[in-house]
Amino acid sequence: MSVTLFISDLHLSPENPAMTDCFVRFLKREAANADGLYILGDLFEAWIGDDVQDDFTHTVTNALKSWPKPLYLMQGNRDFLMGEKFAQKVNATLLSDPTVIDLYGNSTLVSHGDLLCTDDVSYLRFRKIVHIKLLQKLFLYLPLSLRLKIAAKLRSKSSSHVKTLSPEIMDVTPRAVAEWLAQYGVSSIIHGHTHRPGIHFERKVLPAWHGRGGALVVNSAGSSELVYFD
Ligand code: LP5
Ligand code: MN
């Protein structure tokens, strides 16, 4: 039976080569016979521009480029600077967030998921600012060393900030989900970001890659399951 795979929140970085290896293995093994692969944001722990050229980036780029089937990328809240240049380099289609896809005849909305966390007001304010195109352009003009420093600072601020939030605030709100279902005329959403994997009635939530990899597998008969691998 044909299957399509969905993953997100891998948070790959040079500091965690084991997870990069896990991803490279996933492409060769679990993903080998899939019809298509959707990476719905936060492939990277932090992405500071498509112009970065280091061993880590080359490894991930080459692995993606060698995957022979249709590949779709979406930005997350950590790699929102991943752009068309990178997508072209790895022969992928860059999707905007959210996007309606045809999944074996079922219209399905795919998203990173952060936009559905509407109770996380300070994050949404932060998101609005870092999505200002001019600001992004200015950031990309900075030398790499300075970009790395700013990214590290933002990551550490964020890590301490999330410790102060209740788990409910960091989840999607039922209202935002209902609004999107109505607005896009779909009956199902696939998203990541919340790190609360599950298959709910109208929502499928992707796992984060913590210690092991995980993917949502949807088959051509319309059923889905979450699978995990080392
Ligand atoms: O990512 P995670 O899981 O820790 O938490 C997210 C939200 N945080 C973020 C921030 C990212 O982690 C930072 C990514 C850096 C990317 C590369 C740099 C590119 C810079 C480009 C500039 C144009 O997304 C977190 C949510 C949480 O998910 C749950 O949903 O709550 O949101 C926050 O933490 C919001 C805070 O309010 C943001 C704190 C940063 C404050 C910055 C001020 C100081 C900056 C100093 C810079 C020199
Ligand atoms: Mn995320």
Side-chain angles (χ1 to χ4, degrees), residues 6-16 19 23 38-52 54 56-57 60 73-83 85-86 95-98 110-177 189-198 203-211 213-216:
F6 297 83
I7 57 174
S8 71
D9 303 281
L10 290 78
H11 305 142
L12 300 182
S13 76
E15 284 73 42
N16 191 351
M19 209 37 91
F23 177 58
Y38 288 81
I39 304 179
L40 299 181
D42 289 358
L43 169 61
F44 298 105
E45 170 72 5
W47 189 250
I48 57 165
D50 290 354
D51 55 333
V52 172
D54 54 17
F56 161 74
T57 311
V60 179
L73 293 177
M74 188 178 273
Q75 300 169 340
N77 58 296
R78 311 248 188 119
D79 53 12
F80 54 86
L81 289 177
M82 189 179 67
K85 236 188 210 156
F86 180 72
L95 302 176
S96 50
D97 188 356
V110 293
S111 171
H112 179 57
D114 51 335
L115 284 168
L116 291 167
C117 301
T118 50
D119 282 344
D120 198 348
V121 179
S122 63
Y123 166 66
L124 290 177
R125 207 179 304 132
F126 168 80
R127 188 184 192 279
K128 241 188 202 144
I129 296 169
V130 294
H131 276 257
I132 296 171
K133 285 280 169 253
L134 181 64
L135 195 65
Q136 294 188 352
K137 226 174 174 171
L138 287 173
F139 178 81
L140 293 172
Y141 274 120
L142 299 174
L144 280 175
S145 55
L146 186 53
R147 279 189 255 164
L148 270 175
K149 269 193 193 140
I150 294 173
K153 185 90 194 160
L154 289 173
R155 287 289 310 116
S156 99
K157 287 261 178 208
S158 179
S159 301
S160 40
H161 176 77
V162 295
K163 286 189 191 120
T164 69
L165 297 178
S166 71
E168 299 79 56
I169 288 184
M170 292 188 282
D171 203 357
V172 303
T173 60
R175 193 183 155 157
V177 172
I189 302 183
I190 297 173
H191 71 83
H193 182 67
T194 59
H195 304 189
R196 295 173 179 214
R203 208 161 54 85
K204 296 176 179 80
V205 188
L206 307 174
W209 288 38
H210 284 154
L216 174 76

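FYI, the numbering just counts along the sequence from 1. Both counts, for ligands and for their atoms, begin at 1 and track the order of listing. It should be emphasised that the depicted structure is a prediction, and the values quoted were computed from it without experimental measurement.
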- 4.5 Å side-chain heavy-atom contact, Lys128 and Leu124: no
So CZ of Phe44 and CD of Gln75: to nearest 0.5 Å the spacing works out to 12.0 Å
| query | Any side-chain heavy-atom pair from Met19 and His11 closer than 4.5 angstrom? | reply | no
The answer for which part of Phe126 has a heavy atom under 4.0 Å from ligand 1 is side chain
Heavy-atom proximity to atom 29 (C) of ligand 1, picking from Asp120, Leu116, Ile129, Asp9, points to Asp120
Any heavy atom of His193 under 4.0 Å from ligand 1? The part involved is side chain
Should Arg78 be counted as touching ligand 1, given the test is an N or O pair under 3.5 Å?
yes
One finds that the ligand 1 atoms under 4.0 Å from a non-hydrogen atom of Leu165 are 31 (O)
protein heavy-atom neighbour closest to atom 12 (O) of ligand 1 works out as Arg155 NH1, 2.8 Å
Going by the 4.0 angstrom heavy-atom rule, the piece of Leu81 near ligand 1 is side chain
Checking heavy-atom distances from atom 17 (C) of ligand 1 to each of Phe139, Tyr123, Trp47, the winner is Trp47
Atoms of ligand 1 under 4.0 Å from any heavy atom of Val162, numbered from 1 in the order shown, are 5 (O), 25 (C), 26 (C), 27 (C), 31 (O)
> Is there a nitrogen or oxygen of Lys157 sitting under 3.5 Å from a nitrogen or oxygen of ligand 1?
Replying inline: no
closest protein heavy atom to atom 36 (C) of ligand 1 is His161 CD2, 3.8 Å
So, 2.8 Å as the limit: is an N/O/S atom of Asn77 located closer than that to the Mn ion (ligand 2)? yes
With His191 as partner, the option from Leu206, Val110, Val172 fulfilling side-chain contact (heavy atoms from CB on, under 4.5 Å) is Val172
closest protein heavy atom to atom 18 (C) of ligand 1 is Ala151 CB, 3.9 Å
Side chains of Lys153 and Lys157, heavy atoms from C-beta outward: is any pair under 4.5 Å? yes
Residue, atom and distance of the protein heavy atom nearest atom 46 (C) of ligand 1 read Lys153 CG, 3.9 Å
Assess Asp42: does it contribute an N, O or S atom lying under 2.8 Å from the Mn ion (ligand 2)?
yes
Inset, instruction - Return yes when at least one protein heavy atom is under 4.0 Å from atom 43 (C) of ligand 1, and no when none is. - result: no
When every non-hydrogen atom of Ala215 is compared with those of Pro207, the smallest separation belongs to N-CG, 4.0 Å
Met170 heavy atoms within 4.0 Å reach ligand 1 at atoms 29 (C)
Note: ligand 1 atoms sitting under 4.0 Å from heavy atoms of Asn77 are 1 (O), 6 (C), 7 (C), 9 (C), 11 (C), 14 (C), 24 (O), 28 (O)
In this structure, atom 8 (N) of ligand 1 is nearest to the protein heavy atom Ser158 OG, 2.8 Å
Taking the side chain as every heavy atom from C-beta outward, state whether Tyr38 and Leu216 have any atom pair closer than 4.5 Å.
no
Check: Are there more than 12 heavy atoms of other residues, nucleotides or ligands under 6.0 Å from atom CZ of Arg155?
Finding: yes
Per-atom filter on ligand 1: closer than 4.0 angstrom to a heavy atom of Leu154 are 20 (C), 42 (C), 45 (C)
Parallel, tilted or perpendicular, judged at 30° and 60°: which one describes the rings of His195 and His193? perpendicular
The Mn ion (ligand 2) -> His193, closest N, O or S atom is ND1
Rounded to the nearest 0.5 Å, the CG atom of Asp120 sits from the CG atom of Asp114 at a distance of 9.5 Å
Quick note on ligand 1: atoms under 4.0 Å from a heavy atom of Phe80 include exactly 19 (C), 21 (C)
From the list Leu43, Asp42, Thr194, side-chain contact (heavy atoms from CB on, under 4.5 Å) partner of Asp9 resolves to Asp42
Heavy atoms of Glu45 and Ser13 approach each other most closely as CB-CB, 3.8 Å
Output for pair (Leu81 CG, Arg147 CZ), nearest 0.5 Å, gives 8.5 Å
